[in-house]
Structure formats: structure tokens, C-alpha cells
Student: 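Below is one structure. I have some questions about it.
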Amino acid sequence: MTPAHIESFFATLKAANPQPETELEFTNVFELLAAVLLSAQATDVSVNKASRALFAAAPTPAKMLALEVEGVERHIKTIGLYRTKARHLIETCRILVEQHGGQVPAQREALEALPGVGRKTANVVLNVAFGEPTMAVDTHIFRVSNRTGLAPGKNPLEVEQKLLRRVPEAYRVDAHHWLILHGRYVCQARLPRCAACQVRAWCDFEPKSAAV
DNA sequence: ATCCCGAGGG
DNA sequence: CCCTCTGGAT
């Protein structure tokens, strides 16, 4: 995609959805962090289903810490990778309470030092909670960036750095959500809905099954 | 490179 | 049945 194509690509996504938001449910920054941690290799629908009861019982790191690993597991057993996530979540709560006064830190290094929090999760928290123009590259954004030619790359970091260079500044804070939502509902992994796609005019992808 | 790991869709 | 889902740690 040329810079002009990229401009049109995002202008179109913006027109269709002026104020995109996360579909993960949360009521404070800690819940956002926990929800994103739980969302690894899981759909937001399955995360929201489990997180409601979890967050009702434990809306703060201190309260979640009191649940212990077994208590958290009980709430999130319906989510994939639940044992690892429960363990990471409790350890993260312990660090938040002991080292950050029960608050979620706003620095990348401090976030990535939390168990279960890597670059992608840190990018989401920095973007959604603190308004930073980061580009969290998840499975959707990786696929959409490669397929469309927006920011091709072999690994998520390579795609992230290209996106930071190529996405016009005016779109950068919201680009994360536009790309995710586009990947989730239109540019799907299995059967991309190219016929219904609003940005196909600027897309490099050519679907094999002539679905237009 | 491999493991973790349930639910939903096709 | 197989694939996919807002990955991270070893």
C-alpha cells in the first residue's frame, strides 16, 4: 500500500466507526490489565463471560490476591490456558500490591516486568488506559497488516515498527482498534469477507476463491 | 520451537 | 473433525 492508500484505508475505517473501543469489559485500569492478560489466545466473548464474576469478586489487586490461584482458576476455567493465566494473574497482583501501591504502572518496563504481561499486553494498556499511540500487534493485526500490505512483517515486532512508521499520526491512537475490529468481523482468518470489505480498493490481498 | 488449553465456528 | 481466538514463558 502506498501512503495515499493507507490514508484512504484509515479514513474509510474511521468514517465507519468514528470512536472505536475495546470489546473487553472493564471498569478500572486494573481490570483492563487483567482482561487483556486473560485474552491471550481467547475470544473477548469468552473472557467477558468469565471476567464478570471474577471482577465482581475482585475489582482490585488486593482483593484478587486474596482469592489465591485456586479462587481465580474457579472463575476462569472456561478460558483457554486458564492455569497459567491464574498463576500469572496472582503473581501480578502480588507485585502490584507490594511494589506499585496497588496501582497499575504507566511505564512499559514496569508493565512488562509483570508475569503474563508481554509487549502486546503492555501496548494495549498503554494505549487504552494511558492514551499512548502504541501499536499492539495481536493475531488480528498481524494478519491484517500482512494480508493488506499495510505493514508486512515476519514477526509481531517487525509489523509493529512498520505500523508506527506508516500509520498517519492522526489515526495512530485508534488504529489499534480499527485493525482489530476489521480483522475480527471482515478480514477474518478463515473466510475473509472480501466482498463486503469497505477497504478492498486499497488492499493487496487477492482471495483465491473468487469471492470478489 | 514448544507448551499451555477451553469454547465456538465451519 | 480442524481451525481460531486481542500471547507469554521456557
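Letters A, B, ... are given to chains in the order of the sequence lines, protein chains preceding strands, and every chain is numbered from 1. Basis for what follows: all heavy atoms, side chains included, without hydrogens, waters or symmetry-related copies.
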Student: Can you pull out every side chain to side chain donor-acceptor pair (under 3.5 Å) where at least one residue sits in residues 102-120 of chain A? Sequence neighbours excluded, please.
Tutor: A:Arg108-A:Glu112, A:Arg108-A:Asn123, A:Arg119-A:Glu160
Student: For DNA chain B, which nucleotides open and close the run of contacts to chain A, 5' to 3', at under 4.0 angstrom from a non-hydrogen atom?
Tutor: B:dC4 to B:dG9
Student: Between B:dC3 and C:dT6, how far apart are the P atoms? Round to whole Å, please.
Tutor: 24 Å
Student: Between C:dG8 and B:dA7, how many Å separate the two P atoms, rounded to a whole number?
Tutor: 23 Å
Student: What one-letter contact string describes nucleotides 4-10 of chain C from 5' to 3', where B marks a base within less than 4.0 Å of any protein heavy atom, S marks contact via sugar-phosphate atoms alone, and - marks no contact?
Tutor: SBBBSS-
Student: Between A:Asn127 (side chain only) and A:His177 (backbone N and O only), is there a donor and an acceptor less than 3.5 Å apart?
Tutor: no
Student: If you look only at distance, which donor and acceptor atoms sit under 3.5 Å apart when one is on a side chain in residues 6-18 of chain A and the other is two or more places apart or in another chain?
Tutor:
unit_1: A:Glu7; atom_1: OE2; unit_2: A:Tyr171; atom_2: OH; d: 2.6
unit_1: A:Ser8; atom_1: OG; unit_2: A:Ala4; atom_2: O; d: 3.2
unit_1: A:Thr12; atom_1: OG1; unit_2: A:Ser8; atom_2: O; d: 2.7

Student: What stems show up for DNA chain B when you take Watson-Crick pairs (N1-N3 plus N6-O4 or O6-N4) and G-U wobbles (N1-O2, O6-N3), both under 3.5 Å, and require three or more consecutive pairs?
Tutor: B:1-4 with C:7-10, B:6-10 with C:1-5
Student: Quick check against the 3.5 Å criterion: does A:Thr2 have a side-chain atom that pairs as donor or acceptor with the backbone of A:His5?
Tutor: yes
Student: Are the side chain of A:Thr92 and the backbone N or O of A:Leu89 linked by a donor-acceptor pair below 3.5 Å?
Tutor: no
Student: Please name the pair of heavy atoms, one in A:Pro61 and one in A:Cys93, separated by the smallest distance, quoted to 0.1 Å.
Tutor: O-CB, 3.6 Å
Student: Got a sec, which pairs hit side chain to side chain donor-acceptor pair (under 3.5 Å) with one end in residues 134-153 of chain A, sequence neighbours left out?
Tutor: A:His140-A:Arg143
Student: Please work out if A:Lys77 contacts a base, only the sugar-phosphate, or nothing of the nucleic acid, heavy-atom cut-off 4.0 Å.
Tutor: sugar-phosphate
Student: Look up atom CD in A:Glu91 and atom CZ in A:Arg94, then write down how far apart they are to the nearest 0.5 Å.
Tutor: 4.5 Å
Student: In terms of hydrophobic clustering (I, L, V, M, F, W, Y; side-chain heavy atoms under 4.5 Å; direct or indirect links), are A:Val45 and A:Ile180 co-clustered?
Tutor: no
Student: Can you get from A:Ile79 to A:Val124 by hopping between Ile, Leu, Val, Met, Phe, Trp and Tyr side chains that sit under 4.5 Å apart?
Tutor: yes
